Amino acid sequence: MLETLIAAVMLASLILYALMGGADYGGGMWGLLASGSRAQRQRHAIVEAIAPIWEANHVWLILVIVLLFSAFPRAFSAMMIALHIPITAMLIGIVLRGSAFVFRKYDSTEDAVQRRWSTVFGVASFFTPFFQGLTLGALTTGDIHLVGDCVTTGFFASWLTPFALACGLFALALFAFLAATYMTVDTRSEPDLQNDFRLRAIWAQIVLILLAIIVFVTSKDGAPLMYSGLTTWWAPLLLGWTTLSAITAILALRSRRFYLARIAAVGQVSFVLVGWALAQFPHLVTPNFTIQNAAAPESTLKLLLLALGAGAVVLLPSLLYLLQIFKRQEQR
Amino acid sequence: MVGAGSAMLAVAFWVAWIWWRTRRLPNNKWLLRALVCCAPLGFIAVETGWFVTELGRQPWIIYGFMRTKEAVTPMPGLVVPFTTFAIVYLLLAVIVIFLLRRQFMETQPRWIKKQTIKQEPVGHA
């Protein structure tokens, strides 16, 4: 019971990370892909949208990792050993991205050097979420087997599969779509830019839907347990909600109802992640580690939940306050 | 770490003492020299502090409970991530120094800038 509760908190945290941090990755991607006569202004709008609170968004990823580490130590250990290579790649991406953004933002002169930071930032914005999606995908392939601390299936088996690679691309498209949709609201004072991001959001959504189909098809061979999870009784229900939000998002973007599109996009991303978690439940690393058998002793879990409650009292109001401040500044 | 901290504290007391005596910003030559010497001490204190905690703990990763040797990942070829991270952080260090220098050149008073440009005509891009 306690362990399921903590797993639910981890899922909520992951959703918040995708909704806020994911949009930052997407922003970086669109910065690199900026084109046409308004490329410079597109980049500027993206930097303005990301800058205020972007480092704070990593809080959610850190929370997921810390919870995994303290509540499910055995699963954590298995993941860190078997997925050492993609996780290291992701870490390097996060380091380069953060440094490039700060170097760019606080550099004193605007010249070629500064443009180079933008390129590093953009490339790392593609690189990092790709490995995040790939890592999540690899966990469900069922190719991670450990005897003691030794991975018997090798260090490449789980994540170099078509399914895991498709998951990586899916994460890219998801974040790109989310960022472009958010940007349509952020650029409401500049209609030409708004239209650029509107078209980008629609295209990203189309690519996203295609990739979703590819992920589903590859899961049949690549992640059999995930596939059977996605074909059980509750799946059509969740799939229905996801499709509904996806269609709402596209129609809202077409008819320029940008606030509605943003809400639909948030719904769509949340449903995707909830569906993924339900399909994988109760496995953390398919098939050997479940929420139950990898859980820490009950006393640890109780303390963790207390700490979470205390932390939430401090974190959530301050975060809401932070968001509110920047929103107020925007309106001025 | 302790040495650097004490030295900075001593200089701080020195400044406070002069301020208390004269109520003016200090312009004592030796004090200003000491302040310049203090500039890198903060960095040195932070870094050496980490050395103390991390090296002082060995061979334990969790003191008295688990050895570092037992905690390391069984992943072979750890020299590859080690080298990669070392290169990444060296690169970042070089870039930070370069950027700080750039920042400094931009913000210093105009008369110094003129002088430096005369001495070494490095063009500003």
Side-chain angles (χ1 to χ4, degrees), chain A residues 69-70 73 76-121 123-124 127-128 131 144-159, chain B residues 42-43 46-47 50 54 59-114 116-117 120-125:
Chain A
F69 173 77
S70 11
F76 176 85
S77 151
M79 290 177 198
M80 292 300 142
I81 293 169
L83 299 172
H84 185 99
I85 299 167
I87 289 176
T88 305
M90 180 188 97
L91 262 184
I92 290 174
I94 290 181
V95 168
L96 285 182
R97 219 174 88 88
S99 325
F101 193 80
V102 173
F103 290 164
R104 196 205 116 95
K105 181 87 179 143
Y106 298 104
D107 195 8
S108 46
T109 35
E110 282 197 30
D111 58 12
V113 180
Q114 204 179 30
R115 278 198 296 281
R116 230 167 284 151
W117 302 138
S118 306
T119 311
V120 173
F121 179 71
V123 171
F127 189 77
T128 314
F131 278 102
I144 299 175
H145 291 282
L146 287 98
V147 175
D149 273 343
C150 284
V151 196
T152 53
T153 38
F155 290 97
F156 296 93
S158 53
W159 57 278
Chain B
F43 286 106
V46 168
E47 291 301 325
W50 275 108
E54 296 304 308
W60 302 100
I61 187 99
I62 306 171
Y63 192 76
F65 185 76
M66 187 189 235
R67 291 192 180 250
T68 310
K69 199 166 63 180
E70 296 160 348
V72 74
T73 173
M75 167 98 193
L78 276 183
V79 68
V80 178
F82 175 76
T83 322
T84 316
F85 277 112
I87 290 174
V88 166
Y89 278 96
L90 268 178
L91 207 70
L92 290 180
V94 171
I95 292 169
V96 164
I97 292 169
F98 168 76
L99 284 180
L100 282 178
R101 190 175 170 278
R102 232 158 94 106
Q103 198 89 332
F104 175 73
M105 299 307 265
E106 285 295 312
T107 49
Q108 60 184 305
R110 199 169 295 143
W111 62 272
I112 298 184
K113 212 182 203 171
K114 263 185 205 154
T116 35
I117 288 173
E120 35 162 339
V122 189
H124 278 262

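Chain A is the first sequence line, chain B the second, and so forth, proteins listed ahead of strands; every chain is numbered from 1. Note that the structure is a prediction, hence the values are computed from the model and not measured.
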Worksheet item: How long is the gap from OG on A/S77 to CZ on A/F69, to the nearest 0.5 Å?
Response: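 Going from OG on A/S77 over to CZ on A/F69, the span is 10.0 Å.
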Worksheet item: Out of curiosity, B/L99 CG to B/R101 CZ, how far, rounded to the nearest 0.5 Å?
Response: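 Interatomic distance, B/L99 CG to B/R101 CZ, rounded to 0.5 Å: 11.5 Å.
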Discussion item. Between A/I87 and A/F131, does the side chain to side chain contact (heavy atoms under 4.5 Å, CB included) criterion hold? Intermediate values first, please.
Written reply: CA-CA 7 Å; A/I87 289 176; A/F131 278 102; over 6 Å; no
Fill in: Interchain contact, B/L78 with chain A, by part (heavy-atom threshold 4.5 Å)
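Side chain only.
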Worksheet item: In terms of the angle between their ring planes, are A/F121 and A/F101 parallel, tilted or perpendicular, with boundaries placed at 30° and 60°?
Response: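 Tilted: the ring planes of A/F121 and A/F101 meet at 30° to 60°.
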Discussion item. Does anything in residues 78-86 of chain A reach chain B? List residues with heavy atoms under 4.5 Å apart, or say none.
Written reply: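 Those residues of residues 78-86 of chain A which have a heavy atom under 4.5 Å from chain B are A/I81, A/H84, A/I85.
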Worksheet item: What are the residues of residues 88-97 of chain B, in order of number, with any heavy atom under 4.5 angstrom from a heavy atom of chain A?
Response: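 The residues closer than 4.5 Å to chain A, in numerical order, are B/V88, B/Y89, B/L92, B/I95, B/V96.
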Practice prompt. Show the numbers, then the answer: is there a side chain to side chain contact (heavy atoms under 4.5 Å, CB included) between B/W60 and B/M66?
Written response: CA-CA 6 Å; B/W60 302 100; B/M66 187 189 235; 5.7 Å; no
Worksheet item: Are the side chain of B/T84 and the backbone N or O of B/V80 linked by a donor-acceptor pair below 3.5 Å?
Response: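 Judged by distance alone, yes, a pair lies under 3.5 Å.
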Item to complete: State which residue, out of A/I94, A/V123, A/L96, A/V95, fulfils the side-chain contact (heavy atoms from CB on, under 4.5 Å) condition with A/T128.
Response: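 It is A/I94, the one option of A/I94, A/V123, A/L96, A/V95 that forms the side-chain contact (heavy atoms from CB on, under 4.5 Å) with A/T128.
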Worksheet item: If you look at every heavy atom in A/G93 and A/A124, which pair is closest and at what distance?
Response: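 A/G93 and A/A124 have their closest heavy atoms at O-CB, 3.7 Å.
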